[in-house]
Amino acid sequence: MNPESFWQEILPPDHAASGGYPARFDDGRILMLPIRQLPDGKQALASLIVNQASFAVVDALAADLAQKLSRFAPQVIVGLPTLGLTLASAVAQKLGHARYVPLGVSAKFWYREQLSVPLTSITSPDQPKRLFLDPRMLPLLLERRVALVDDVISSGTSILAGIALLQQCGIKPIALGTAMLQSDRWQESLAAWSIETVLRSPLLEAG
């Protein structure tokens, strides 16, 4: 596949997939993903960049995830930056919500340090940031059923930061949602949480 062709269409279950990793929806439909070699040169991951996907693909991912999260009856969807925001917004709309709550990594002047936690991710391990909740959003979350959404859960580091930030505010998410569970490295750190996903992909050998 050409690099610009990834994440642009969902293929039927009987499609002869090649040129990437065929991640499957529960009904067998395929989303082809490019394979990225990790810095160690020995392993690789199937990559999903939601904000580069076609609107049709984002719509399908959001519809599937919203249906799975609906059993928890979430009242508010919280999205993790940056790629999780695209998915969280679409999921909230699919659930019939009027809005969602985005977390951020850009410290506006009215933000408060006590409403933030450190944040790193597998795709930018050398760029530590802080994850913030806009204090104006806090009243939307208190005493509400909150689901936390990210685009991909891999090591679990990013979504654990989101959980920590919400718990710091006195909020315990009722469920976690993601477009893809990438490998199984997240399992131990997130064993206590209910996680809903659309796609799954393994840790691969490079080459």
Side-chain angles (χ1 to χ4, degrees), residues 48-53 58-59 61-63 65-182 186 189-198:
L48 174 61
I49 308 296
V50 171
N51 67 357
Q52 294 180 13
V58 173
D59 187 75
L61 293 170
L65 185 55
Q67 188 275 325
K68 289 173 176 174
L69 287 174
S70 66
R71 69 185 183 93
F72 297 94
Q75 296 170 297
V76 183
I77 299 296
V78 174
L80 276 166
T82 51
L83 301 183
L85 301 182
T86 298
L87 182 64
S89 173
V91 167
Q93 291 181 70
K94 293 291 185 184
L95 288 169
H97 297 181
R99 66 191 300 179
Y100 82 115
V101 172
L103 303 180
V105 292
S106 176
K108 310 303 182 187
F109 69 84
W110 63 88
Y111 283 13
R112 302 201 299 263
E113 190 74 9
Q114 60 266 38
L115 295 183
S116 72
V117 295
L119 173 67
T120 58
S121 72
I122 189 171
T123 52
S124 53
D126 300 323
Q127 301 174 39
K129 309 168 186 174
R130 291 197 72 81
L131 182 65
F132 293 90
L133 171 65
D134 188 325
R136 299 180 306 116
M137 298 291 101
L138 186 56
L140 299 175
L141 304 178
L142 296 176
E143 300 182 2
R144 307 296 297 279
R145 295 176 61 81
V146 173
L148 180 61
V149 169
D150 201 1
D151 62 323
V152 172
I153 295 177
S154 187
S155 65
T157 303
S158 296
I159 206 154
L160 282 169
I163 292 169
L165 178 55
L166 291 177
Q167 290 184 324
Q168 196 165 289
C169 301
I171 300 150
K172 182 178 180 180
I174 56 168
L176 311 178
T178 186
M180 183 169 71
L181 288 172
Q182 189 183 57
W186 53 270
S189 59
L190 294 172
W193 296 91
S194 297
I195 304 175
E196 297 294 336
T197 189
V198 180

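Please read these numbers as outputs of a predicted model, since none were measured by experiment. Values below: all heavy atoms of this structure, side chains included; hydrogens, waters and symmetry mates excluded.
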| query | Does Arg144 have any side-chain hydrogen bond (donor to acceptor under 3.5 Å, both in side chains) partners at least two apart in sequence or in another chain, and if so, which? | reply | none
| message | Quick test of your reading: applying ring-ring contact (aromatic ring centres under 6.0 Å, His included), list the pairs with at least one residue in residues 140-169, sequence neighbours left out, ordered by first then second residue. | response | none
| message | Holding to side-chain hydrogen bond (donor to acceptor under 3.5 Å, both in side chains), I want the full list of residues that pass it with Gln114, two or more places apart in sequence or in another chain. | response | none
| request: With sequence neighbours excluded, give me every salt bridge (Lys or Arg N to Asp or Glu O under 4.0 Å) pair touching residues 157-168. | output: none
| message | Show me the pairs that pass salt bridge (Lys or Arg N to Asp or Glu O under 4.0 Å) and involve residues 72-95, at least two apart or across chains. | response | Asp59-Lys94
| request: With sequence neighbours left out, write down each residue that passes side-chain hydrogen bond (donor to acceptor under 3.5 Å, both in side chains) with Lys68, or none if nothing qualifies. | output: Asp26, Asp64
| request: Could you list the residues that satisfy ring pair (Phe, Tyr, Trp, His ring centres under 6.0 Å) with Phe132, not counting sequence neighbours? | output: Tyr111
| field | side-chain contact (heavy atoms from CB on, under 4.5 Å) partners for Leu138, two or more places apart | value | Leu133, Leu142, Cys169, Ile171
| query | side-chain hydrogen bond (donor to acceptor under 3.5 Å, both in side chains): which pairs involve residues 69-88, sequence neighbours left out? | reply | Arg71-Glu196
| field | Partners meeting side-chain contact (heavy atoms from CB on, under 4.5 Å) with Leu160 (sequence neighbours left out) | value | Ile163, Ser189, Leu190
| query | What residues, two or more places apart in sequence or in another chain, satisfy side-chain contact (heavy atoms from CB on, under 4.5 Å) together with Pro102? | reply | Leu85, Tyr100
| field | Residue list, side-chain hydrogen bond (donor to acceptor under 3.5 Å, both in side chains) with Asn51, at least two apart or on another chain | value | none
